[in-house]
Structures are given as C-alpha cells and as structure tokens.
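First up is the structure itself, then whatever we jot down about it.
Computed from a predicted structure; not experimentally measured. Letters A, B, ... mirror the listed sequences (proteins, then strands); counts begin at 1.
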Number of protein chains: 2
Amino acid sequence: MSSSGQHVLAVVRRQILSGARAPGEKISEVAVAGELAVSRTPARTALAALEAEGLIEKRKGRGYTVRSISQSDVANAIAVKAALESLAAKTLAERGLNAETDAALCRSIAVTQAMLEGDAPVTEHFETYHEANVLFHETIMRACGNDLIAHAFERIAMLPFAALGALSFEATDPRRERMRLTVGHSQHVIILDALRKRDAGRAEAMMREHSHATMNYGELFSRDLGRAE
Amino acid sequence: MSSSGQHVLAVVRRQILSGARAPGEKISEVAVAGELAVSRTPARTALAALEAEGLIEKRKGRGYTVRSISQSDVANAIAVKAALESLAAKTLAERGLNAETDAALCRSIAVTQAMLEGDAPVTEHFETYHEANVLFHETIMRACGNDLIAHAFERIAMLPFAALGALSFEATDPRRERMRLTVGHSQHVIILDALRKRDAGRAEAMMREHSHATMNYGELFSRDLGRAE
DNA sequence: AGACCCAATTATGGATACAAAATAAACCCT
DNA sequence: AGGGTTTATTTTGTATCCATAATTGGGTCT
C-alpha cells in the first residue's frame with residue numbers, strides 16, 4: 001500500500017491494541033485524518049483494513065466503533081487458532097520436513113532450551129522466548145504447503161491474541177512463568193519429533209493441545225472474569 | 001455499504017469466477033474504472049477487497065493479476081474448509097441446538113429428502129439441492145457461537161470453491177449424481193443426529209468427512225477432464 | 001404534552017486533480 | 001556493441017471537492 005496509509009494503519013492499530021482507544025469508542029475518517037494530519041483517503045483505506053482485521057466494526061451511518069473483546073472472543077480465537085495450526089502441523093507431517101524447515105525448528109527449540117537450562121529468571125528473556133516461539137509457529141505455518149491456512153489465520157481478528165499477549169505480561173510468579181514456558185517448550189520438542197517421524201495424527205493432536213494450552217493460562221490469569229468454554 | 005463500489009466488486013468477481021478474466025490476466029484500477037464507467041475510487045476499494053478474498057494478487061509496481069488455481073489449491077481449500085466446518089459442528093454440538101437452528105436444519109434435510117425420494121432426475125432440481133445444502137452449512141456456521149469461524153471462512157479465497165462448483169455442474173452420469181447427493185444427504189442426517197445428542201466428537205468427525213467428500217468427487221471428475229491445471 | 005416532521009449537521013462514498021515512484025525502453029557514451 | 005543513464009509512460013497514492021444519506025435536535029401542530 002502506501003507510506004501514509006500504512007502509517008495510519010499501524011498507528012491506529014497500535015492505539016487500539018494498547019487500549020488508547022477504548023472498546024466501543026467512535027472512530028471516524030475525519031477524526032483520524034485530523035489527528036494524524038493526513039487526508040481522508042489514507043484514513044479510509046486504513047479503517048477499511050482495520051475492519052477486515054476485525055479490530056473495528058462499521059455502523060450503518062455513524063462511523064466505526066472499536067470492537068470490544070469478551071472472554072468468549074478469546075476462547076473463540078484460540079479455538080480457530082488451534083484448528084488451523086493443528087491442520088498445518090498435520091499437513092506438514094504428511095509432506096515431511098525439508099532441511100531448512102528442520103533447521104529453523106531446531107534453532108527455535110535450541111533457544112528456548114538454553115533459556116530454560118539457565119538459572120536466570122525467564123522473565124528477563126521473555127522477548128527472546130517470544131521470538132523463538134513465533135519462529136516455531138510461523139515456520140510450520142509457512143512450510144506446511146497450504147498457503148490458505150496462513151491466509152485465513154492472518155485475516156482473523158488479532159484483538160483476542162493481543163489481549164492474551166497483555167495477559168502474559170502480567171505474569172507475577174516467576175516460578176509459574178518458568179513452568180509455563182517449560183511446558184510450551186516440551187510441546188515444541190514433541191511436535192518436532194512427530195513431524196520428523198511423519199506421524200501426522202500425533203503432530204496434529206499435540207499442536208491442538210499446544211494451542212489450547214495458551215487458553216488455559218489465559219483463564220488461569222483472568223480467573224475473576226468467569227468461565228471460558 | 002456503497003452502491004458503486006459493491007457493484008464493481010460483484011461484477012469483477014463474477015468475471016473472474018466465470019473465467020471471463022483469464023488467470024494471469026492483468027487488472028488495473030484505470031482499466032476496470034473505464035470499463036464500468038466509474039471513478040478510480042470504487043475500483044480501488046473493489047480491487048483491495050478482491051485481493052483480500054484472494055482472487056487477485058498484487059504486483060509491486062505492475063497492477064493486479066488474476067490468481068491461477070492449481071489442483072493443490074483446491075485440495076488446500078477443502079482442507080481448510082473441513083477444519084473450520086468441523087470446528088463449527090463440534091462447537092455447536094457442545095452448546096446444543098436451539099429451536100430455530102433445529103428447525104432450519106430440519107427444513108434443509110426435508111428438501112433433500114423429498115428430492116431423493118422422488119423419481120425425477122436429480123439434476124433437474126440441482127439448484128434446489130444446492131440451496132438446501134447452503135442453508136445447512138450456513139446455519140451451522142452461524143449458530144455455532146463462534147463468529148471468528150465464519151469470519152475466517154469468508155476471508156478465504158473462494159476461487160477453488162468456484163472451480164468445484166463448476167465441476168459439479170458437469171455431472172454426466174445421473175445415477176452417480178444421485179449417489180453423490182444421497183451420500184451427502186445421509187451425512188447431513190447423521191450430523192443433525194449428532195448435534196441433537198450433543199455428541200461433539202461424532203459431529204466433528206462426520207462434518208470433516210462430509211467436507212472431504214466434496215474433494216473426493218472433485219478428484220473423480222477432474223480425472224476425466226484432466227485440465228484442472 | 002406528546003408525537004411527528006423538517007432542517008441542519010455530520011459522516012461517508014465517489015470523482016477528479018496532482019504528485020511521486022517504479023518500470024520499461026530508448027538513447028548516449030565509452 | 002554493450003552497459004549505464006535518463007526519460008517517458010504506466011501505476012499508484014494522496015488531497016480536495018461534491019453529493020447523498022442518516023441521525024439528531026428543534027420546532028410545530030394536534
């Protein structure tokens with residue numbers, strides 16, 4: 001797209017995800033155009049893209065509103081994520097790993113392994129862990145041979161995932177955080193083993209479990225908010 | 001929504017799906033704007049939406065091109081469709097059916113049941129069957145309580161599905177066509193039974209099988225054609 | 001006093017004009 | 001003759017203007 005349009009898109013998206021724009025808040029083209037000192041044209045494209053991403057909703061004649069995320073939205077997002085990622089793992093297991101994919105997954109696992117073997121509080125290296133985690137999941141998504149999976153995944157509302165990310169940062173207990181990362185790491189190891197052995201069923205099941213694990217921690221932290229699923 | 005923009009979107013989409021615009025063909029804003037006698041603004045929004053739908057691809061500096069569908073694209077689309085629809089069926093089974101949903105599913109099944117019990121060639125009522133089929137699947141999608149599933153589904157490239165639809169119309173053998181529809185109908189009945197009994201695992205498995213069945217017939221037909229490219 | 005209607009403000013969709021970037025081609029220089 | 005540079009054309013991104021639709025608020029009529 002454009003330099004200005006992409007800029008507006010990035011800024012408003014960050015505003016929404018950071019909570020600077022509260023859920024239910026009204027957003028109009030003229031407003032964002034005025035705030036960011038651009039014309040209405042890039043503002044329009046940005047809002048259209050934001051609506052496609054599911055972060056904002058369109059009202060018939062009264063601008064856009066920031067979508068509010070409910071507990072069930074988070075559960076729904078996790079369910080879809082689990083379905084798509086387990087499909088990707090299954091597909092990749094059926095096709096088999098090539099050298100680059102295997103190397104990338106190994107690299108990701110090596111990073112988390114080294115981190116967990118160290119004595120330093122894992123919270124200090126959270127960014128590194130997050131990077132390795134993203135590498136693992138994106139590698140499988142990209143290498144599975146089904147572009148539509150990633151396509152569908154990218155089009156899903158990322159709002160619930162942002163809420164989850166914010167939740168992860170609220171980790172207070174370092175020991176529990178270490179446990180959480182250890183479990184995730186072990187699941188990565190198991191998934192890689194299943195992929196190498198081309199055990200599609202095992203890879204699919206373990207990836208589904210792994211995706212759902214994220215939700216379990218989510219409800220663990222937001223216990224006061226009530227039930228999920 | 002917009003009158004002109006939506007119009008352009010619908011027209012160009014139909015042109016692509018009908019094959020009026022060949023795969024690989026260049027599409028530019030000015031071209032469609034000129035052909036449809038509209039400004040570049042609605043043409044741009046339409047092309048952006050079309051790109052989001054996956055029907056066209058954007059080249060950095062040389063316009064858009066119609067995406068070409070390969071055999072594996074069809075298989076990929078079916079796999080994602082199966083994953084999402086089986087998730088929807090599972091979710092709906094866990095939540096349980098309400099009165100309206102049950103009634104809608106019953107209505108869909110009643111139509112196909114009546115058609116298959118008659119002696120008339122099923123090809124004559126194909127449009128009716130298709131309607132009932134769409135009603136069945138959309139009802140489950142909408143009633144499952146997870147909007148993100150439908151959201152992701154709608155954002156998937158519909159090109160492979162269009163190819164499948166065209167394939168279905170080329171059914172030559174009436175008896176085989178009747179068999180195909182009978183199997184599909186029976187799977188609908190089984191899925192409804194599983195939903196009513198809140199058997200999430202059975203509903204999920206049967207829906208996955210049902211979605212994959214479409215692909216099997218796709219392979220069956222394309223074997224004769226050989227030109228699925 | 002309540003309800004309905006009309007008007008005004010606001011917001012969005014569309015059109016045209018303008019500018020910048022990129023690509024392809026042609027021309028010039030070595 | 002080949003390569004590099006420049007130019008021109010194509011394409012895209014942005015701004016401003018205009019028209020239309022809708023909602024809200026105020027006024028009037030019953």
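- For the pair B:H7 NE2 and C:dA15 P, the interatomic distance rounds to 11 Å; values are reported in whole Å.
- Rounded to whole Å, atom P of D:dT12 lies 8 Å from atom CG of B:L47.
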What's touching nucleotides 7-9 of chain D from the protein side, N or O pairs under 3.5 Å?
none

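- Between A:E204 and B:R208 a salt bridge is recorded (basic side-chain N to carboxylate O distance below 4.0 Å).
- A heavy atom lying under 4.0 Å from DNA chain C marks the following residues of residues 24-32 of chain A, by number: A:S28, A:E29, A:V30.
- For the pair A:K58 and C:dA11, the criterion of a side-chain N or O lying under 4.0 Å from OP1 or OP2 is not met.
- In this structure, the side-chain hydrogen bond (donor to acceptor under 3.5 Å, both in side chains) partners of A:T101, at least two apart in sequence or on a different chain, are A:N98.
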Polar atom pairs (N or O), protein with nucleotides 15-17 of chain D, under 3.5 Å:
| unit_1 | atom_1 | unit_2 | atom_2 | d |
| --- | --- | --- | --- | --- |
| D:dA15 | OP2 | A:S39 | N | 2.5 |
| D:dA15 | N7 | A:T41 | OG1 | 2.8 |

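- Scored by the ring pair (Phe, Tyr, Trp, His ring centres under 6.0 Å) test, A:H185 finds no partners at all (sequence neighbours excluded).
- Applying the salt bridge (charged side-chain N to carboxylate O under 4.0 Å, His left out) test to residues at least two apart or on different chains, the pairs with a partner in residues 129-140 of chain A are A:E138-A:R142.
- Rounded to an integer number of Å, the gap from B:Y64 OH to C:dA22 C1' is 16 Å.
- For A:R13, the side-chain hydrogen bond (donor to acceptor under 3.5 Å, both in side chains) partners at least two apart in sequence or on another chain are A:E53.
- Sequence neighbours left out, the pairs with a member in residues 14-36 of chain B that pass salt bridge (charged side-chain N to carboxylate O under 4.0 Å, His left out) are B:R21-B:E25, B:R21-B:E35, B:E29-B:R40, B:E29-B:R44.
- Below 30°, between 30° and 60°, or above 60°: for B:H137 and B:H188 the angle between ring planes is above 60°, a perpendicular geometry.
- For residues 63-73 of chain A, the salt bridge (charged side-chain N to carboxylate O under 4.0 Å, His left out) pairs, not counting sequence neighbours, are A:R67-A:D73.
- Per the geometry, CG belonging to B:L9 stands 15 Å off C1' belonging to C:dG13, to the nearest Å.
- Identified under the salt bridge (charged side-chain N to carboxylate O under 4.0 Å, His left out) test for residues 88-99 of chain A, with sequence neighbours left out: none.
- Partners of A:D102 under the side-chain hydrogen bond (donor to acceptor under 3.5 Å, both in side chains) rule, at least two apart in sequence or in another chain, are A:R196.
- Under the ring pair (Phe, Tyr, Trp, His ring centres under 6.0 Å) criterion, B:H151 pairs with no residue at all, not counting sequence neighbours.
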